[in-house]
A.B. asks: 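To start, I am sharing the structure in question, which I have written as structure tokens.
Proteins come first, then strands; the chains are lettered A, B, ... in the order of their sequence lines, and each starts at number 1. Worth knowing before you read on, the calculation uses all heavy atoms, side chains too, and leaves out hydrogens, waters and symmetry mates.
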2 protein chains.
Amino acid sequence: MEKKVVTIYDVAEAANVSMATISRVVNGNANVKEETRKRVLEVIDRLNYRPNAVARGLASKKSTTIGVILPDITDLYFASLAKGIDDVASMYKYNIILTSLQENIGDEEQILNNLLSKQVDGLIYMGKQLSKKLKRTLGSSKTPIVLAGSVDRNNETASVNIDFTDAVYNVVSQLIQNGHKKIAFVGGSLENPIDGKYRLDGYKKALKKAHINFSSNLVFEAEYSVRAGEAIWDAVKNSGATAAYVTEDLLASGILNSAMKSATSIPDDFEIFTSNNTVLCEVTRPKLSSIEEPLYDIGAVAMRLLTKMMNQEQIDENTVKLPYSIVKRESTN
Amino acid sequence: MEKKVVTIYDVAEAANVSMATISRVVNGNANVKEETRKRVLEVIDRLNYRPNAVARGLASKKSTTIGVILPDITDLYFASLAKGIDDVASMYKYNIILTSLQENIGDEEQILNNLLSKQVDGLIYMGKQLSKKLKRTLGSSKTPIVLAGSVDRNNETASVNIDFTDAVYNVVSQLIQNGHKKIAFVGGSLENPIDGKYRLDGYKKALKKAHINFSSNLVFEAEYSVRAGEAIWDAVKNSGATAAYVTEDLLASGILNSAMKSATSIPDDFEIFTSNNTVLCEVTRPKLSSIEEPLYDIGAVAMRLLTKMMNQEQIDENTVKLPYSIVKRESTN
DNA sequence: ACACAATTTGCAAGCGTTTACCTTGTTATT
DNA sequence: AATAACAAGGTAAACGCTTGCAAATTGTGT
């Protein structure tokens, strides 16, 4: 026996009113007599009626669903952002469609179209950067989007993050103050504007301030992984660097691993600053000093901003920068 | 000027066929002349038509969306499972609605109802356990569900995981072989059947085999966090234990932290086995020996299993156990 | 008791698809 | 040449809801 699913009609009939009224009470519309509302709610409860969100979405053109695009959910950086997003989203009753993006595969266009076809009310993007093409298909759809933990070169797109340049400027300056002349910059792909532009800018700025010449020999590019960090250590060491600013924790952990293995004393012989302050920083030995991005908050604020955009509220600032801090642990003096 | 959204009618008109035909080509139905198909595809491309998945869902009663319920996305354990799920899901063109569950808050019922109202075609659950109540509302909806990395006491619900009992039996046996008589079992909430039943059973079994009496003084319950691990060390040490099996990596890292701080030499004075083999195990010093659950695979297989259930295919085994392995690193001899 | 306003309700037209069922034109069969 | 069989495409009825508008009901002031 097929159990028939309960629709708004069934409720209407059982409550002896029209379906419009049911819809009204479900949606909290004020134009319903208190008595009727009570009766309807009872019936809803009795019949175990559960409004069909798909039908609702079709009729109202709102899905109360947002799309979240990120590179890798097992990366604590994104996971933390995602958590902030998730919490605020559920606070505002939005659901999240999570899609991960293999940045190399170049299926971004497809992913975006898929999300748009699902009629998401908004999007949060955490990829490296929004391509022109994506911006275009996005523009034609009017779906609001905000970048979390990422920057838009031209500030056309709303975004929430920290002042990367300033943060790196600060930690590199500290390393300089500690007496280092040769400081390595170990980042991910420099094509990513965060590393290749903002962070590197901060690094250069700090050097300049201290009248140290920038040398591209001290700039390293590696994948974000422990393995890559371990592998790059020799090169870093051989460059003559006595300290390093690393843009990501796994990478920094790998470097630390190899450094320890090669009997380099950290922080005495070599200092390391990393960037994301994930738990990793607390379980390595020595523990890693790090820039601390308020990841959870970035996610939360990004989501909050998105809700405003979805409600067409006035936005005061298109791009918000949250305060960061610097956590000194054992990998620096 | 409001840009009108392109519907199937627009395409039909422009291609000079009926909307049914458009629908057919979009859905890959065979009853379309090759020539017509080509023409339609061109028009679709030209008009930039994007089928409305919500309308589709309403008409077809399929959302090509599944719901994923997990406790905490920043926990690498769940993130890894999620990644496996995500990859397979996108392989099969399913979208994922991610919802996290504050297990203490007790809003599970609501979360589930929300997901069901969105008409998800299936569910993957990673919480501690499915309450009777949830099972009931689930049963009345016919939506298939599979547990990933979790067990159903009565094997009523499909699930994918490893043989927890066996795994723990093995590592504890190894510790015993290394000469330990007093081995601590440090787990999360023992109400969670995985820890409180399966793993603890393995522990007991190993003791029994070696004719060591079980003592509840050696069983510790803690939250899954570095902090909790650090805090519990003294108690563990004072219990007289000379080794520990820990059910989670953060917890193990915390214990390791405190042990090192108290100048306990690991593994010489104290051995530690942990359970999830997340990256954490590789960045601690000494590196942690661990049971290795194939988390990604568990997620992937769970999702694959779910696709079968959604297609009403014949399922050979309701509950599948994947092989685990044991990775020896530096925290054990 | 009456006119008018406000409050509640119902009606029915969408929302953009899918799909069962028909119609038409072709080809193969005898 | 007549008929069967099929391929290709069209028609229109769902799917379960929201919502503008009209109708009915109730309340108010006189």
A.B. asks: Whole-Å distance between dC6(D) C1' and N31(B) CG?
C.D. replies: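 Roughly 10 Å, once rounded to whole Å.
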A.B. asks: Between N16(B) and R39(B), is any side-chain donor less than 3.5 angstrom from a side-chain acceptor?
C.D. replies: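 Not at all, the side chains of N16(B) and R39(B) share no donor-acceptor pair under 3.5 Å.
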A.B. asks: Answer whether the closest heavy-atom distance between the side chains of Y94(B) and L306(B) falls below 4.5 Å.
C.D. replies: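 A side-chain contact is absent here, since even the closest heavy-atom pair is not under 4.5 Å.
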A.B. asks: Which of residues 33-41 of chain B sit near DNA chain C, with a heavy atom under 4.0 Å from it?
C.D. replies: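 The answer is none.
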A.B. asks: Please name the residue in the list N113(A), L116(A), L123(A), V120(A) that meets the side chain to side chain contact (heavy atoms under 4.5 Å, CB included) test with S141(A).
C.D. replies: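 Result for side chain to side chain contact (heavy atoms under 4.5 Å, CB included) with S141(A): L116(A).
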A.B. asks: Does the protein touch nucleotides 14-24 of chain C at the base, only the backbone, or not at all? Give it as B, S and - per nucleotide, heavy atoms under 4.0 Å.
C.D. replies: BBBBBBB----
A.B. asks: How many whole angstroms separate atom CG of N29(A) from atom C1' of dT19(D)?
C.D. replies: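 Rounded to the whole Å, the gap is 10 Å.
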A.B. asks: Does the side-chain contact (heavy atoms from CB on, under 4.5 Å) test come out yes or no for M91(B) and T307(B), once each step is laid out?
C.D. replies: CA-CA 11 Å; M91(B) 207 171 286; T307(B) 64; over 6 Å; no
A.B. asks: Sequence neighbours excluded, which residues qualify as salt bridge (Lys or Arg N to Asp or Glu O under 4.0 Å) partners of K135(B)?
C.D. replies: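 Per chain and number, K135(B) pairs via salt bridge (Lys or Arg N to Asp or Glu O under 4.0 Å) with D152(B), E156(B).
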A.B. asks: What's the spacing between L115(B) CG and S63(B) OG if we round to 0.5 Å?
C.D. replies: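 One gets 9.5 Å once the value is rounded to the nearest 0.5 Å.
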A.B. asks: Side chains of K118(B) and T65(A): donor-acceptor distance under 3.5 Å anywhere?
C.D. replies: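 Distance-only check passes for K118(B) and T65(A).
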A.B. asks: Please check if the number of heavy atoms outside E34(A) that lie under 6.0 Å from its CD is greater than 12.
C.D. replies: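 Check passes, neighbour count above 12.
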A.B. asks: May I ask you to verify if any side-chain N or O of T21(B) is less than 4.0 angstrom from the OP1 or OP2 atom of dG10(D)?
C.D. replies: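 Yes, such a contact exists.
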